Visitor: 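Before I ask anything, here is the structure I am working with.
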Amino acid sequence: MKRALLVSLSLGLMSAAVAQKVEAPITIGVAVAQTSNVALLGQEQVIGARLAEKFFNATGGINGTPFKLVFQDTGGDEAGTINAFQNLINKDRVVGIVGPTLSQQAFSADPIADRAKVPVLGPSNTAKGIPQIGDFIARVSAPVAVVAPNAVKQALKLDPKIKKVAVLYAQNDAFSVSETGTFQETAKAQGLSVSTVQKFQTTDTDFTTQVTAVLGADVDLVIISGLAADGGNLVKQLRQLGYKGLIIGGNGLNTSNLFPVCGRDCDGILIAQAYSPALAGSVNQLFVKEYRNQYKKDPPQFAAQAYTGVQVMVEALRKIDKKKKLDTWNLADLRVELNKQILAGKYKTPLGDVSFDREGEVNQKDFYVAQIKMKDAKNGTFVFLK
Ligand code: 1QQ
C-alpha cells in the first residue's frame, strides 16, 4: 500500500517534470525605445509587436505551444540598449531579439547579441552596414539606399522645376548620417545642385543658424535626416522663418507622433515608405483590419515592420518545430538553428513577400511615398502618392 503510493507519487513527479520540460515557455525578446524622445518612434513598434503576438498565438502559436514576447525598454541611447539586450539574452533567456529602434543603438548593442549567438532582427535599422555587423544580425527594415531615393523622385514629380536643394542632418546619429549620404547622392544623380549642407544634433531645439543658412541659399527643396523631435522642430522653425518650398523628411520623421511637434507646419512633408496599408494580400489586410479596430486609423510603417519582425521569428520557429520538437532547454543550439532558419525562409508579411540575402539584408519589393496632410494643429494623415 505504502509502496504503491510512493511509486505513483514518484511517477506523478516524473510526469510533472516531463510536462514542465515540454511546456518551457518560448520567449522572443523585443528591445525598443519605450521612453525618451526615441519612444515617439518606438511606441509604434510596441503596438506592432503586440498585435503580432496576439495574432500568431491565436493562430496556434508554435504549432500548438503559445509563445511570449518579453519587452525590455532601451530608452533612447546606446547604454540602455546594451542593458536591454543583456537582460534579454542572459536573464529572460529569449530565443531571439526584435530590436532596437535606432541604427545608432544597433551598432553598439548588436555585436553583443552576435557574440552570444542570439539572432537579432532589426525592425527599423536602416543605416548602411547593419546586416554586416555579424552573422546573427538581419533586418526587416529596408536600407536607406533603396527607400530614401523614392522621396526625391516624388518631389521632382510634384515640382519638376526644382533645381537647388538644402540638406540637413543630425551628425550624432548613425542613421541620419547614412541617410543624408543617400539623399545627397540621389539629388546629384537627379541633376539637382546641393546648395548647402547643414548639421545639427538630435538633442538640439534651436535651429536658427541652420534655417538662416537655408534661407540664404534660396533653395526650392529641403531634405532633413534627423529624428522626430528635432526633425519636427526644425520643420516648424523653417516655416516660421519663411521657407515656402517642399520639404522631404527622412525615416526618423516617419510617424504621426511628429504632428504635435510641428503642428500645422507638418503639412506637405514628403516621406518615403517601406510599407503601405493598401498593399493587397490577406496577411496585410488582416493586420490592417486588426490595427484599425483598435486604433481607428491605418497602421504606420514602424508598427508593420515590428509586426513583421515577430512574424518572421514565429514562422521560423514553427518550421524548426515541425522538423523536430523545439527544445527550449537547449537554448544555445536553438538560437543557432533559429538564425539559420530565419535566413533560409520566405515570409508573406504586411510588407509583402520578404526573404533575406546571405548577410541578413532584407529582400523586399515595394516602396512608396506619402505626404503629410494636417487637418488641424494636432491631427493629420499620411496620404500615399506612390
Ligand atoms: C534608423 C532609423 C530610425 C530613424 C527608425 C526609427 O531608420 O535608426 O536606422
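As the structure is a computational prediction, the values presented were derived from the model and not from experiment. Order of appearance sets the numbers: ligands from 1, and atoms from 1 within every ligand.
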Visitor: Enumerate the atoms of ligand 1 whose separation from the nearest heavy atom of Thr101 is less than 4.0 angstrom.
Guide: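 Answer, ordered by atom number: 5 (C), 6 (C).
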Visitor: Please tell me whether Leu317 and Val94 are part of a single hydrophobic cluster in this structure, the criterion being side-chain heavy atoms less than 4.5 Å apart.
Guide: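 In one cluster with Leu317: Val94, no.
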Visitor: Tell me: protein heavy atom nearest atom 7 (O) of ligand 1, and distance?
Guide: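 Scanning the protein heavy atoms, the shortest distance from atom 7 (O) of ligand 1 goes to Thr126 OG1, 2.8 Å.
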Visitor: Name the closest protein heavy atom to atom 9 (O) of ligand 1, giving the residue it belongs to and the distance to 0.1 Å.
Guide: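 Of every protein heavy atom, Ser103 OG, 2.4 Å lies nearest to atom 9 (O) of ligand 1.
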Visitor: Using the rule that Ile, Leu, Val, Met, Phe, Trp and Tyr join whenever any side-chain heavy atoms are under 4.5 Å apart, tell me whether Leu238 and Ile271 fall into a single cluster.
Guide: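 Yes, Leu238 connects to Ile271 through the hydrophobic network.
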Visitor: Near Ala127, which atoms of ligand 1 are under 4.0 Å from a heavy atom of that residue?
Guide: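 Once the distances to Ala127 are compared, the set is 9 (O).
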Visitor: Using a 3.5 Å cut-off on N or O atoms only, is Asn125 in polar contact with ligand 1?
Guide: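 It does not: no N or O of Asn125 is found under 3.5 Å from an N or O of ligand 1.
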Visitor: Any idea which atoms of ligand 1 are less than 4.0 Å away from a heavy-atom of Phe302?
Guide: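 Going through ligand 1 atom by atom, the ones under 4.0 Å from Phe302 are 5 (C), 6 (C).
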Visitor: Can you tell me which residue and heavy atom of the protein come closest to atom 5 (C) of ligand 1, and the distance to 0.1 Å?
Guide: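 Checking every protein heavy atom, the shortest distance to atom 5 (C) of ligand 1 gives Ser124 O, 3.3 Å.
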Visitor: Under a 4.0 angstrom heavy-atom cut-off, which atoms of ligand 1 come close to Gly252?
Guide: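 Result: 4 (C).
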Visitor: Mind telling me whether Phe55 and Tyr307 have parallel, tilted or perpendicular rings, with 30° and 60° as the class edges?
Guide: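 The rings of Tyr307 and Phe55 sit tilted, inter-plane angle from 30° to 60°.
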Visitor: Starting from the C-alpha separation in whole Å, work towards a yes-or-no answer on side-chain hydrogen bond (donor to acceptor under 3.5 Å, both in side chains) for Glu179 and Asn251.
Guide: CA-CA 8 Å; Glu179 193 192 50; Asn251 200 38; over 6 Å; no
Visitor: Go through it in stages, so that I can follow the logic: the residues are Glu337 and Lys340, the test is salt bridge (Lys or Arg N to Asp or Glu O under 4.0 Å), and I'd like the CA-CA distance, side-chain angles, deciding distance and then a yes or no.
Guide: CA-CA 5 Å; Glu337 228 176 319; Lys340 271 196 208 136; over 6 Å; no
Visitor: Hydrophobic clustering (ILVMFWY, side-chain heavy atoms < 4.5 Å, transitive) - are Ile223 and Val214 grouped together?
Guide: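 Shared cluster, no.
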